[in-house]
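Everything below concerns the one structure shown next.
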Amino acid sequence: MPWTVFALAFMAAATVHAEEAGRDVPYEKVYEMIQSGRAADPDGVFRVRLCAQANAKQAMLPADLAIELRNGARTQALPLDAKHCFDPPLAAEWTRPATQLHINQPKGSVSLALSIEARLPATTRLSYARLTESVPAMQRVIATQGMLARLMGPKLNSVVLKYRPASAATAVVHAPGGEQRYASDANGDLRIPYDPALADVEVELSALPQAIDPDA
């Protein structure tokens, strides 16, 4: 899965309802967290989603897993994509404190994690600033999540381009002091150190990556 911040699980806030299977998670805090992150990312570097994860004792998610927003009689189903993720609705109608994120599974079986995916380049020749934009953007997002996040969050100092394992991808940074060359490892990870002084230089990629992760 693309970069997931702090393994954010909303299990602790869950309230089990006796009249039906499953549990409710207050949506207000989820909404506030995502909105504050978006405010710190005005250029839209990241796509923020919530992803369902099975607990450690389960090999996969329950086949009948269903998630929806509820506020009184109003509901909205939140179907999962192939990666078990969904885009959290941010319409004003769901900002009311009574809004709940309902999961039709018992407590401890399924958790939700916040997934943040950096946008991918459209071309193999681009500026270093464009290629590494996810690092300063993520630093700003982390800064919005409070003191604990700033203290416990990763200290980002590189960007990792994700390729297929054993794909032998390369990147050349045309730095003023000479070319800097990087290659992917056996896992398909190509790591480039983050240096804002190189913002204007050109980078050449042998191929477009499948994903980009800011990393420590």
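Start at 1 with the first residue, then count along the sequence.
- In the hydrophobic clustering of ILVMFWY residues, with side-chain heavy atoms under 4.5 Å counting as a link, I212 and V172 come out apart.
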Report the C-alpha separation of L90 and I34 in whole Å, then their side-chain angles, then the decisive distance to 0.1 Å, and conclude whether the side chain to side chain contact (heavy atoms under 4.5 Å, CB included) test is met. CA-CA 9 Å; L90 296 178; I34 295 173; 4.0 Å; yes
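- Under a cut-off of 6.0 angstrom, the local environment of CG in D200 is sparse, with at most 12 non-hydrogen atoms contributed by other residues, nucleotides or ligands.
- Counting all heavy atoms, side chain and backbone alike, I192 lies closest to A171 at CD1-CB, 3.9 Å.
- In this structure the side chain of D215 never reaches within 4.5 angstrom of the side chain of V159, judged on heavy atoms.
- R191 and S158 form a side-chain donor-acceptor contact under 3.5 Å, judged by distance and modelled atom types alone.
- Judged as a salt bridge (Lys or Arg N to Asp or Glu O under 4.0 Å), the pairs with a partner in residues 156-172 (not counting sequence neighbours) are, in order, K162-D189.
- No side-chain heavy atom of P136 sits less than 4.5 Å from a side-chain heavy atom of P196.
- Judged by distance alone, with hydrogens and angles left aside, the side-chain atoms of Y128 form no donor-acceptor pair with the main-chain N or O of A175 at under 3.5 Å.
- To the nearest 0.5 Å, atom OG1 of residue T95 and atom CG of residue N71 are 9.0 Å apart.
- Side-chain atoms of S184 never come within 3.5 Å of backbone atoms of L190 as a donor-acceptor pair (strictly under, hydrogens ignored).
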Determine, stepwise, if the pair L50 / L114 fulfils side chain to side chain contact (heavy atoms under 4.5 Å, CB included). CA-CA 5 Å; L50 288 174; L114 190 67; 3.8 Å; yes
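- Every residue was checked against the salt bridge (Lys or Arg N to Asp or Glu O under 4.0 Å) condition with R38, not counting sequence neighbours, and none meets it.
- Between the side chain of R70 and the backbone N or O of Q100, no donor-acceptor pair lies under 3.5 Å.
- N104 and E68 form no side-chain donor-acceptor contact under 3.5 Å, judged by distance and modelled atom types alone.
- Note: the hydrophobic cluster containing Y163 also contains Y182 (ILVMFWY, side chain heavy atoms under 4.5 Å, direct or indirect links).
- The shortest distance between side-chain heavy atoms of L80 and I67 falls below 4.5 Å.
- Expressed to the nearest 0.5 Å, how far CE of M60 lies from CG of L65 amounts to 13.0 Å.
- Going from atom CG of L131 over to atom CZ of R125 covers 13.5 Å, rounded to the nearest 0.5 Å.
- Put simply, OG on S109 and CD1 on I103 are 8.0 Å apart, with the number rounded to the nearest 0.5 Å.
- Taking all atoms of both residues into account, the shortest heavy-atom contact from P209 to L161 is CB-CB, 4.0 Å.
- For the pair V201 and P176, the minimum side-chain heavy-atom distance is below 4.5 Å.
- Residues L69 and L101 meet the side-chain proximity criterion, which asks for heavy atoms closer than 4.5 Å.
- In terms of heavy atoms, L61 sits closest to A54 at CD2-N, 3.3 Å.
- If you chain together hydrophobic residues whose side chains sit under 4.5 Å apart, V141 and V160 never meet in one group.
- To the nearest 0.5 Å, atom OG1 of residue T132 and atom CG of residue L156 are 11.5 Å apart.
- Pairing each heavy atom of P121 with each of L208, the nearest pair is O-CD2, 3.7 Å.
- Nearest heavy-atom pair across D41 and A137 is OD1-CB, 4.2 Å.
- With hydrogens and angles left out, the side-chain atoms of W94 and E28 include no donor and acceptor closer than 3.5 Å.
- Side-chain contact between P106 and R23 is absent, with no heavy atoms from C-beta onward closer than 4.5 Å.
- A distance-only check finds no donor-acceptor pair linking the side chain of D43 to the backbone of V45 [under 3.5 Å].
- With sequence neighbours excluded, the residues that form a salt bridge (Lys or Arg N to Asp or Glu O under 4.0 Å) with D87 are R47.
- Here the straight-line distance linking atom OG of S134 with atom CZ of R130 works out to 9.5 Å at 0.5 Å rounding.
- In this structure, the side chains of P89 and Y31 stay at 4.5 Å or more apart for every pair of heavy atoms.
- Within the 4.5 Å cutoff, the side chain of Q180 has heavy atoms near those of the L198 side chain.
- Side chains of H84 and Q53: no donor on one and acceptor on the other come within 3.5 Å.
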